4 protein chains.
Amino acid sequence: MTSGRPPRADALRNRARVLEVAHEVFAAEGLSVPIDEIARRAGVGAGTVYRHFPTKDALFTAIVVARIDRISARARSLATAGDPGQAFFDFFAYMVAEGIANKGLGEALAGAGVDVEALAAASDQELQRALADLLTRAQRAGAVRDDVGPREVKALMGGCATMERQLGASAPGRITTITCDGLRPPGARTPPG
Amino acid sequence: MTSGRPPRADALRNRARVLEVAHEVFAAEGLSVPIDEIARRAGVGAGTVYRHFPTKDALFTAIVVARIDRISARARSLATAGDPGQAFFDFFAYMVAEGIANKGLGEALAGAGVDVEALAAASDQELQRALADLLTRAQRAGAVRDDVGPREVKALMGGCATMERQLGASAPGRITTITCDGLRPPGARTPPG
Amino acid sequence: MTSGRPPRADALRNRARVLEVAHEVFAAEGLSVPIDEIARRAGVGAGTVYRHFPTKDALFTAIVVARIDRISARARSLATAGDPGQAFFDFFAYMVAEGIANKGLGEALAGAGVDVEALAAASDQELQRALADLLTRAQRAGAVRDDVGPREVKALMGGCATMERQLGASAPGRITTITCDGLRPPGARTPPG
Amino acid sequence: MTSGRPPRADALRNRARVLEVAHEVFAAEGLSVPIDEIARRAGVGAGTVYRHFPTKDALFTAIVVARIDRISARARSLATAGDPGQAFFDFFAYMVAEGIANKGLGEALAGAGVDVEALAAASDQELQRALADLLTRAQRAGAVRDDVGPREVKALMGGCATMERQLGASAPGRITTITCDGLRPPGARTPPG
DNA sequence: TATGAATGAGGGTTCATTCAT
DNA sequence: CATGAATGAACCCTCATTCAT
């Protein structure tokens with residue numbers, strides 16, 4: 001109920017454009033990119049960025065929230081899939097892939113530059129809940145070791161993304177494979193390929 | 001002919017003091033600490049820091065180089081120890097512990113702020129060689145899976161440090177345990193408990 | 001030929017609403033309030049404010065002009081009252097009260113932010129004339145010292161307002177009493193108590 | 001004990017130059033002058049200003065403190081002079097003259113732009129004490145009316161300065177004369193000149 | 001005509017690096 | 001050589017004013 005009429009078309013366009021550019025730039029260069037640079041690449045003035053997002057943190061938060069919400073939705077849809085183990089590890093790989101493509105998200109998850117947990121608390125908690133569901137189901141099915149909780153799994157996903165990005169294209173997915181193997185209970189390791 | 005005479009005693013002392021303080025500060029606060037602050041804590045002028053290290057990156061590189069060299073030495077000494085598997089995993093844990101205690105090193109390994117591989121290429125390669133020896137021996141002994149190389153192991157050690165630091169004191173070592181389990185070949189997992 | 005037809009009713013309403021809100025806001029918060037804020041409180045767009053008043057100064061000037069015109073009218077009506085001395089000092093107190101209630105007007109009178117005399121010259125001169133009449137009559141009646149002119153009296157009224165506002169509720173009216181005493185000719189001071 | 005050695009000559013020179021320029025500029029143009037402008041006029045970089053004064057407020061405070069301290073000293077020296085009434089009114093005129101020459105000081109005293117009482121609390125209180133001494137002595141001698149305190153007198157001095165500056169060179173001192181007359185007890189007015 | 005989004009020139013402040021003392 | 005003051009390029013953010021819708 002904050003607005004009495006629909007937002008203007010150009011405002012929506014600019015907002016979307018800023019979000020899109022900011023997402024690309026943050027993903028490619030990390031969080032230290034100046035707002036002025038984002039504005040320049042979006043073809044708008046710096047003030048326009050600030051009209052839509054009152055602070056740099058807010059802009060970044062908006063991007064991360066959208067990202068996390070999409071990820072949570074994916075987690076929710078997987079939670080009802082057939083095989084709990086498969087669902088859990090599919091989600092793990094999906095989230096790592098997201099993180100690889102996004103340097104800024106990685107920095108945020110690693111706690112460098114912004115405190116996402118503080119800024120995007122609601123989305124972060126929802127993600128944690130969805131993840132906890134996936135995890136618990138997989139653990140009950142005997143597909144995941146019992147001595148981990150959602151916090152550790154989240155950290156591992158963020159860490160895998162960072163490591164994979166760091167290693168570049170050589171041996172893609174190797175880090176994630178190893179980590180997932182480590183998450184399986186003893187005796188349930190994937191047979192060597 | 002970079003120097004006509006041996007360096008003065010006070011210059012050596014200052015250089016050592018700056019290195020020591022910078023190490024502590026970078027470890028505790030990360031790479032964003034201003035040079036002025038390091039100089040102040042070292043009890044020298046900012047110019048003195050720049051006399052010994054032409055840029056901030058160079059200072060940080062020097063610290064990392066010293067760190068890496070020490071780590072390499074440790075790797076070398078373990079390489080001749082009795083059990084290759086034990087040696088490898090001991091070294092893994094040792095390096096993670098180093099990384100946990102050092103925020104700046106973690107930032108660097110995560111790629112935020114400096115590109116260590118570019119700045120400390122020689123030491124980095126030497127570490128890689130020492131690590132390769134440990135790794136190969138452990139793999140030959142059947143203690144580590146065959147589909148990883150030293151680059152992946154190095155990334156995993158850095159990642160474990162970052163993740164453990166991020167999680168704080170809850171479940172200490174859990175991430176490292178999982179990762180090490182993932183590094184073992186199928187069938188060689190640690191028994192539960 | 002500034003307008004080919006009479007202004008529309010809604011335009012008049014908006015103009016009046018903007019003036020009213022701007023007056024309140026300037027009075028309460030001073031001149032540094034952004035135009036956007038005034039527009040928001042008036043329930044119009046910023047562009048509407050600029051349609052009616054080409055600059056921020058113009059808006060403020062319009063307010064001050066309206067204020068001054070009202071004050072001039074009061075001066076005119078007092079000029080025909082019975083006792084010239086009473087009329088003069090009544091008006092003095094009235095104008096100080098106006099100024100106390102209006103932070104923006106005080107800032108303008110103190111020369112901080114806008115040059116009212118330049119922007120509202122006509123109204124200012126009319127006020128000066130009305131004030132001169134009151135003053136001259138009071139001086140002829142022996143109620144006010146002879147060595148002051150309307151400019152000094154106007155400055156004193158603005159100054160009293162600023163000082164009273166600055167002192168807040170402690171000793172209300174003391175400054176004005178002192179100043180009015182100073183304006184009386186020697187021997188005509190108010191008796192103590 | 002904050003410094004182990006004497007400050008460098010150039011630093012002292014620059015600091016003094018910045019203070020001098022800032023004083024002139026604040027006095028002439030008021031508090032809204034950008035720091036960059038002050039730096040430019042002083043022939044230094046903006047960073048140099050910030051080395052000596054951590055914020056713009058701090059710079060302005062330093063200037064006001066120096067000013068107020070000088071004024072307090074003057075008040076103290078007058079406090080032991082022969083005639084209490086003469087001493088009080090001499091000081092009044094002196095402080096008004098100071099304020100006339102200084103637009104920034106006037107703005108500060110009028111509360112526009114900075115809260116001097118908060119930033120320069122110690123100096124402000126010392127001035128208030130010195131002023132209270134002068135005032136009490138003059139009141140005991142029957143030279144000043146009894147229903148005013150130091151706060152009112154300080155406000156009157158600031159107000160006189162602002163008003164005199166506003167009126168410019170016409171009728172110089174008239175405002176101050178009137179105000180001082182108002183401060184005398186009934187029956188003690190200066191005879192008409 | 002009304003709207004409110006877009007603009008862009010500054011403003012205060014920080015900090016890596018240089019250079020006078 | 002050591003010192004630490006000076007520099008100046010950025011950075012984040014605000015707001016008077018313009019202009020597309």
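A, B, ... follow the sequence lines: proteins, then strands. Residue 1 opens every chain. Note that the structure is predicted; figures quoted are calculated from it, not measured. Just the heavy atoms: all of them, side chains too, but no hydrogens, waters or symmetry mates, feed the values below.
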Calculate the interatomic distance between [X] atom [atom1] and [N] atom [atom2]; express it in whole Å.
X      : N       : atom1 : atom2 : answer
R41(B) : dG4(F)  : CZ    : P     : 17 Å
R13(D) : dG4(F)  : CZ    : C1'   : 15 Å
E37(D) : dG12(E) : CD    : C1'   : 15 Å
I38(D) : dG12(E) : CD1   : C1'   : 12 Å

Next on the checklist: Show me the pairs that pass ring pair (Phe, Tyr, Trp, His ring centres under 6.0 Å) and involve residues 30-68 of chain A, at least two apart or across chains.
Outcome noted: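 For residues 30-68 of chain A, and leaving out neighbouring residues, the ring pair (Phe, Tyr, Trp, His ring centres under 6.0 Å) pairs sorted by first residue read F26(A)-F60(A).
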
Listed by chain and number, what are the salt bridge (charged side-chain N to carboxylate O under 4.0 Å, His left out) partners of [X], not counting sequence neighbours?
X      : value
D69(D) : none
E24(B) : none
R51(D) : none
D10(A) : R8(A)

Checklist entry - Is there a residue in residues 15-25 of chain C whose heavy atoms reach under 4.0 Å of DNA chain E, and which residues are they? => result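 Under 4.0 Å from DNA chain E: no residue of residues 15-25 of chain C.
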
Checklist entry - In which ranges does DNA chain E form stems of 3 or more consecutive Watson-Crick or G-U pairs, distances under 3.5 Å? => result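 Stem segments, range with range: E:2-21 with F:2-21.
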
Next on the checklist: To the nearest 0.5 Å, what is the distance between OG1 on T48(D) and CD1 on I38(D)?
Outcome noted: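 The OG1 atom of T48(D) sits 13.5 Å away from the CD1 atom of I38(D).
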
Checklist entry - Are the side chain of K56(A) and the backbone of P34(A) linked by a donor-acceptor contact shorter than 3.5 Å? => result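 Looks like no, no N/O pair under 3.5 Å.
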
Could you work out, with side-chain contact (heavy atoms from CB on, under 4.5 Å) as the rule, every residue matching [X], not counting sequence neighbours?
X       : answer
R41(B)  : V21(B), V25(B), E29(B), E37(B)
R165(B) : K103(B)
T55(B)  : D57(B), A58(B)

Checklist entry - For DNA chain F, whose closest nucleotide is more 5', that of G43(B) or that of D10(D)? => result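 That would be G43(B).
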
Checklist outcome for this item: Quick tally for nucleotides 9-15 of chain F: nucleotides whose base has a protein heavy atom under 4.0 Å get B, sugar-phosphate-only ones S, the rest -, giving --SSBBS

Report yes if at least one side-chain N or O of [X] is closer than 4.0 Å to OP1 or OP2 of [N]; otherwise report no.
X      : N      : answer
H52(C) : dT1(E) : no
N14(C) : dT1(E) : no
R51(B) : dC1(F) : no

N/O donor to acceptor pairs below 3.5 angstrom from side-chain atoms of residues 11-18 of chain C, sequence neighbours left out:
none

